[in-house]
Amino acid sequence: MIDIKYIRENPETVRASQRGRGEDPSIVDQVLAADEARRNAIVEFEALRAEQNIFSKSVGAAKGDERAALLESGKSLSADVKAADTRRAEADTKSQELTLLLSNLLDPSAPIGGEADFVVLEHVGTPRDFSQDGFKPKDHVELGKLLGAIDTERGAKVSGARFYYLTGVGALLEFALVNYAISSAVKAGFIPMITPVLVKPPAMEGTGFLGQAAENVFALEKDDFYLVGTSEVPLAAFHMDEILDGEKLPLRYAGYSTCFRREAGTYGKDTRGIIRVHQFDKVEMFVFCKPEDAVAEHQRILQWEKDFISAMDIPFRVIDVASGDLGSSATRKFDCEAWIPTQGTYREVTSTSNCTEFQARRLNIRMKDGQSTKPVATLNGTLVAIPRMIVAILENHQNADGTVNVPASLRPFLGMTRFELV
RNA sequence: GGUGGCGUGUCCGAGCGGCCGAAGGAGCGCGCCUCGAAAGCGCGUGUUGGGGAAACUCAACCGUGGGUUCAAAUCCCACCGCCACCGCCA
C-alpha cells in the first residue's frame, strides 16, 4: 500500500509509476476521490458523535421527569449517529479497497518495459564448453534418472504434471543444499526459521499476492487458508500488527519452507523436468529494516545470493528486472540467472526484491524511530530454491559417463565427492 | 472432539452500564538527595486520526465483528486466540 498522504501530494508521480508498470493510472484518481469522500464522512460522523457524547453526559446528570424528556430526544440523535457511522464505514472500505489496487512506486532506476526489457548487470563465471570436454551434455531429467535422483514419471502418476520425487542422492542433495544455505545464513547473522505454509487471508493480502498474482495461489476454500508460494509470506506476516524497536533493526530471517504454485498461464512452458513445478522447497531471506537503509540492504541480499551460486561453481548473470515484471510489491528487483547448458541460456535461480514500506503498510508493521512511529521497509531474496539449483548443479557438473561432481562447498554436507550411476 | 476458565496500556493487574482512556503496582524518563550509585521522595509516562503557532481540543481504540441502550471495557450474540483437564493422535 502506498501512503495515502503521499498520493494526495504527488498524484502525478504515482500515475507515472502505474504507467511504467503497464497498469491503469486512472486508479489514482479513483483513490483520491474515495479518500476525499472518506474524510468527509469521518468529519460528519465525528461531529455527530461529539454532540451525542455531550448529550449523554447531560442525561446522566439529569433526574426524574427532566431525564425522561431528554431520553426521548436522544433517540433521533442516536439514529443519526448510527447512519453516519455506516456511511463512514462504507467510505472507509471503498477507499481501502481502491488503495490496495495500486502497486508499489517504481524505483526510478529500474528499467522500463516488459519481461524482455531487463538489463544485464554482470556475468560471473564462464559457461563450460562441452565440445572441449568431448561430449554432449545430458539434461537434468536424463541425469536424474541415471543417478536415481529425480523421478518425474512417478510424480506425474501420483500427483499429476509438474510434480516429482527427489530420490536417493536427489533427496540427499536437497538436504545438503538446505544445510549449507542455513548454516551460511546463520553465519551472516540471519535467524533461521521454519514457517507455516498455510496462511490466512490477511497474511496473503498483506504481502501483495492476492492482486495480479492471485491466480498462482493455491487456496483451500473450505478452510479459508492459502498455501504459500514462498516463505516470504509467513516471514513478512511474522511481525504483522507489531511496532518494532528501531534500535533492533535490521531484523534478518532465513526461512525454510515448502512452496506451492499453481503456475497458471504457463501451459506448455518448461513442461520437461523440474524447472517449473507446483511444489518445491526453498530457503528465503527476509529483512525488516529502516526505510533509509533499504537500498543498501538490497545490495547485501544480492551479494549473499551471488555468494551462494558462486559457492556451487555455477556460471550466472545478474539482471535488473524491468518495471512490467516486478510484481506489485517490489520497487526494484534483481534476478540471478544460472547457466543451463542443455538450454544454452540463463535461467532464474534466485530473485531479490526491495518492497520499501509497501508490505509493511498493508501488514501494519511499524518501527519506533525516536519519537515517531513509521512503517519499516521489507526486502526478500532467495538463498536457494531447491529444484532449480539441482538442475544447475547436475547439468553444469556432469561428466561424460553421466556421473556428477559435487561442488566442494557441499561435500562436507553430503559426504561424497561424486554422484555415481545407479 | 468434549468440559471449564480467560483475553484490559510496555508488563502485572483492578474495573463488570454514565463521574473510565481506564485504579494500583512494576518498568521507563526527569528532578531532589549522594563524592557517585542503590534505596527513598516528588513529578511525568499509550496509540491513531482531525483542528490549532502553541497551551490545548475533538473523535476512535479495553482480542475481532455485530447487537441492545440516550450512553458499553462493563450486558447479549458470533468468531478468533490463550490456559487447564479429558479423549484421540504424528
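Letters A, B, ... mirror the listed sequences (proteins, then strands); counts begin at 1.
In terms of the salt bridge (charged side-chain N to carboxylate O under 4.0 Å, His left out) criterion, residue partners of A:Asp92 (sequence neighbours excluded) are, by chain and number, A:Arg38. Among residues two or more places apart in sequence or in another chain, the side chain to side chain donor-acceptor pair (under 3.5 Å) test is passed with A:Lys282 by A:Thr230, A:Glu284. Applying the salt bridge (charged side-chain N to carboxylate O under 4.0 Å, His left out) test to A:Arg347 and every residue at least two apart in sequence or in another chain returns A:Asp270. Taking A:Pro250 as the reference, A:Arg252, A:Val287, A:Cys289 meet the side chain to side chain contact (heavy atoms under 4.5 Å, CB included) condition, with sequence neighbours excluded. Considering only residues two or more places apart in sequence or on other chains, A:Phe163 meets the side chain to side chain contact (heavy atoms under 4.5 Å, CB included) condition with A:Ser159, A:His278, A:Gln279.
Applying the ring pair (Phe, Tyr, Trp, His ring centres under 6.0 Å) test to pairs two or more places apart or on separate chains, those with a residue in residues 172-204 of chain A are A:Tyr180-A:Phe308, A:Tyr180-A:Phe413, A:Phe190-A:Trp304. Pairs engaging residues 300-311 of chain A under the salt bridge (charged side-chain N to carboxylate O under 4.0 Å, His left out) rule: A:Glu122-A:Lys306, A:Glu297-A:Arg300 [sequence neighbours left out].
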Give me the distances for all protein-to-nucleotides 63-69 of chain B N/O pairs that come in under 3.5 Å?
| unit_1 | atom_1 | unit_2 | atom_2 | d |
| --- | --- | --- | --- | --- |
| B:U68 | OP2 | A:Lys82 | NZ | 3.1 |

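Using a 4.0 Å cut-off between a side-chain N of Lys or Arg and a carboxylate O of Asp or Glu, A:Lys145 and A:Glu153 qualify as a salt bridge.
Closest to the side chain of A:Phe45, from the set B:A59, B:U48, B:C70, is B:A59. In the set B:A72, B:G49, B:C70, the nucleotide with an atom closest to the side chain of A:Arg49 is B:A72. Here the side chain of A:Glu46 is nearest to one of B:G49, B:A60, B:A71, namely B:G49. Closest contact between the side chain of A:Asn53 and the listed nucleotides B:C70, B:A60, B:U47 involves B:A60.
Within residues 196-205 of chain A, no residue has a heavy atom under 4.0 Å from RNA chain B.
Nucleotide B:C79: paired with B:G63 (Watson-Crick or G-U wobble, both distances less than 3.5 Å). The partner of B:G31 is B:C41, by the rule that a Watson-Crick or G-U pair needs both atom distances under 3.5 Å.
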